[in-house]
Amino acid sequence: QVQLVESGGTLVQPGGSLRLSCAASGITLDYYAIGWFRQAPGKEREGVSCIHSRDGARTYVDSVKGRFTISRDDPKNTLFLQMDSLKPEDTAIYYCVLRSARSCSNWDRSYSYLEVWGQGTQVTVSP
């Protein structure tokens with residue numbers, strides 16, 4: 001059974017940086033997409049970034065390109081999201097998500113029947 005545990009969320013000032021971590025366990029798939037969604041109060045869930053197990057291909061939502069970097073430490077089964085130049089609009093609960101998929105295509109929406117979600121970690125960007 002796949003388990004995803006996020007950490008690293010906290011309060012940070014605008015312009016600051018933060019690194020989120022996701023510890024994964026129980027993965028038995030030959031290939032998968034893994035990444036981050038976020039949900040701000042009153043808004044729909046948004047796919048933020050994804051990396052694929054097969055070739056390391058990465059995707060980012062336009063609003064975070066150039067500011068966020070997704071990476072992974074395979075021996076430690078850990079996923080990271082480095083967030084720089086944070087803005088108040090980045091405030092949200094960030095979820096680590098694993099999807100049984102051949103690529104990171106369509107990461108802009110959730111396909112719950114293919115996915116496992118972590119419990120989320122709160123990121124608040126405020127003065």
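In this text, all values refer to a predicted model and were calculated from it rather than measured experimentally.
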Should Leu79 and Val48 be regarded as members of a common hydrophobic cluster, given that ILVMFWY residues are connected when their side-chain heavy atoms come within less than 4.5 Å of each other, either directly or indirectly? yes

Find the distance between CG (Asp108) and SG (Cys50) and round it off to the nearest 0.5 Å. 11.0 Å

When you compare the side chain of Leu18 with that of Thr10, does any pair of heavy atoms fall below 4.5 Å? yes

Nearest 0.5 Å please: distance from the OG atom of Ser63 over to the CD atom of Glu46. 4.5 Å

List the atom of Val12, the atom of Gly16, and the distance in Å for their closest heavy-atom pair. CG2-CA, 4.0 Å

Are the side chains of Gln122 and Thr124 in touch, meaning some heavy atoms are under 4.5 Å apart? yes

Are Arg99 and Trp117 in a cation-pi contact, defined as NZ or CZ under 6.0 Å from the six-membered ring centre and within 45° of the axis? no

Nearest-0.5 Å distance that lies between atom NE2 in His52 and atom OH in Tyr32: 9.0 Å

Charged N to carboxylate O below 4.0 Å: is that the case for Lys65 and Asp62? yes

Working for side chain to side chain contact (heavy atoms under 4.5 Å, CB included), residues Gln39 and Glu44: CA-CA 6 Å; Gln39 187 166 23; Glu44 294 186 354; 5.6 Å; no

Could you state whether Phe68 and Val125 fall into the same hydrophobic cluster, counting links through intermediate Ile, Leu, Val, Met, Phe, Trp or Tyr residues with side-chain heavy atoms under 4.5 angstrom apart? yes

Looking only at non-hydrogen atoms, find the nearest pair between Ser126 and Leu11 and report the distance. CB-CD1, 4.0 Å

Side chain proximity check, Phe37 to Trp107, heavy atoms < 4.5 angstrom: yes

Report yes or no: do Ser17 and Asp84 form a side-chain donor-acceptor pair below 3.5 Å? yes

Nearest 0.5 angstrom please: Ser21 OG to Arg72 CZ, how far? 15.5 Å

Working to the nearest 0.5 angstrom, can you tell me the gap between Ser25 OG and Gln3 CD? 4.5 Å

Taking Tyr31 as the starting point, is it possible to reach Val116 by hopping between hydrophobic residues whose side chains are less than 4.5 Å apart? no

With a 4.5 Å limit on heavy-atom distance, are the side chains of Ser49 and Val61 in contact? no

Less than 4.5 Å apart, any side-chain heavy atom of Gln13 and any of Pro127? no

Cationic tip of Arg19 above Phe80 ring, under 6.0 Å, 45° of axis: yes

Within the 4.5 Å heavy-atom criterion, are Leu20 and Thr121 side-chain neighbours or not? yes

Minimum side-chain heavy-atom gap Ile34-Val97 below 4.5 Å: no

Which atom names give the shortest non-hydrogen contact between Cys96 and Leu4, and what distance separates them? O-CD1, 3.5 Å

Single-linkage hydrophobic cluster Ile51~Met83, side-chain heavy atoms < 4.5 angstrom: yes

Nearest 0.5 Å, what's the CG-CZ distance between Asp55 and Arg102? 12.5 Å

Check Arg67 against Leu86 and note the closest heavy-atom contact, atom names and distance. NH1-CA, 3.8 Å

Can Arg38 and Tyr94 be said to form a side chain to side chain donor-acceptor pair (under 3.5 Å), step by step? CA-CA 4 Å; Arg38 66 185 178 185; Tyr94 284 72; 2.9 Å; yes

What pair of heavy atoms forms the shortest contact from Ala33 to Cys104, and how long is it? CB-SG, 4.1 Å

Taking atom types as modelled, is there a side-chain donor on Ser110 or Glu115 under 3.5 Å from an acceptor on the other? yes

Taking C-beta and beyond as the side chain, do Ile70 and Thr59 meet within less than 4.5 Å on heavy atoms? no

